[in-house]
Amino acid sequence: FQNDSVGNAFLQLELSPDTSVQSEYRYRYVARGDLQQRFFEDDFSRDRNNRRETHTIRFGGRHAFSPDSLLLGSFIYQQLDSRDTDHAPPFEPFTGINLTDLRANPVHAYGTELKHLWRSRYFNLTSGVGFVDTIGNEQVRVGIPGPTVIRLPSTDLENRHFNAYAYGHINLIKNVTFTLGASVDSVRGSSDIIPPNGDKDQLN
């Protein structure tokens, strides 16, 4: 089975000829069974139940300092609740697996970005900064005969990502465009989702 429900509300206001703001709320609820396609048609779990509920709020703004200078900004907040259960016994003596993905501690994600666009006859520049912070927890439970439930160690899903970038297009020669750019990325997170060699800064 599969069920996908989506709701969305959007509002945009023009405060002046140079400034406008907008906001958006999106809701999505997805419920599905075992959709994995395998070689044997009977090789699937009849008790698989995967549910995901997402709430997303977004705010944005636009301001033109001049016809050639434009500033864009956005902020996004998202909350995810999901639960994946399968009561079919994988092997004895277990009676089922109850995998709870961020059920007790939903994932919260915050993201913001600021971008500036500058245009001239021979040179165009795009620059900006962004930041994303994700916090959550994943808990796995395994049920055995009777009311006993084994709780496996939880997994922290913390991740922070900062980036800054700038790139320009130079048009000094007709039909020829030169592109120059640079970016910096910094990623920090728990070792459960980012391996030690992935916890690093990058310069491009």
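The first residue in the sequence is number 1, and the count goes up from there. The structure presented is a predicted model; accordingly, all values stated were derived computationally and were not measured.
At least one donor-acceptor pair closer than 3.5 Å links the side chain of Thr112 to the backbone N or O of Ser74.
Once rounded to the nearest 0.5 Å, the distance linking CG of Leu80 with NE2 of His55 reads 9.5 Å. For the atom pair OG1 of Thr56 and CD of Gln78, the computed distance is 3.5 Å after rounding to the nearest 0.5 Å. For the atom pair Leu117 CG and Arg62 CZ, the distance stands at 9.5 Å (nearest 0.5 Å). Taken to the nearest 0.5 Å, the OG1 atom of Thr126 stands 6.0 Å off from the NE2 atom of His169. Annotation: the span from Asn3 atom CG to Arg51 atom CZ amounts to 8.5 Å, rounded to 0.5 Å. Leu13 contributes atom CG, which lies 12.0 Å from atom OG1 of Thr19 (distance to the nearest 0.5 angstrom).
When all heavy atoms of Val129 and Ala164 are compared, the pair lying nearest together is CG1-CB, 3.8 Å. Residue Arg119 comes nearest to Leu125 through the heavy atom pair NH1-O, 3.5 Å, listed as atom of the first residue, atom of the second, then distance. Between His161 and Asp185 the shortest heavy-atom distance is NE2-OD2, 2.9 Å. Summarising the geometry of Ala109 relative to Thr134, their closest heavy-atom pair is CB-OG1, 3.9 Å, with the distance given to 0.1 Å.
Ring pair His63/Phe65 is perpendicular by interplanar angle, where above 60° counts as perpendicular and below 30° as parallel. In this pair, His108 and Tyr77 present their aromatic rings parallel. The plane angle is below 30°, not in the 30 to 60° band.
Under the 4.5 Å side-chain criterion, counting only non-hydrogen atoms from C-beta, Trp118 is in contact with Phe123. A heavy-atom distance below 4.5 Å is found between the side chains of Glu53 and Tyr27.
If you chain together hydrophobic residues whose side chains sit under 4.5 Å apart, Tyr29 and Tyr25 fall into the same group. Hydrophobic clustering (ILVMFWY, side-chain heavy atoms < 4.5 Å, transitive): Phe178 and Tyr122 are in one cluster. Hydrophobic clustering of Ile, Leu, Val, Met, Phe, Trp and Tyr side chains at less than 4.5 Å, counting indirect connections, keeps Phe75 apart from Leu11. With hydrophobic clusters built from ILVMFWY side chains whose heavy atoms lie under 4.5 angstrom apart, Leu180 shares a cluster with Leu172.
Side-chain contact of Arg58 with Gln22: a donor-acceptor pair under 3.5 Å is present, judged by distance alone. A donor and an acceptor atom, one from each side chain of Glu14 and Ser20, are nowhere located under 3.5 Å apart.
Note on Arg160 versus Asp133: salt bridge recorded, some NZ/NE/NH1/NH2 to OD/OE distance being below 4.0 Å.
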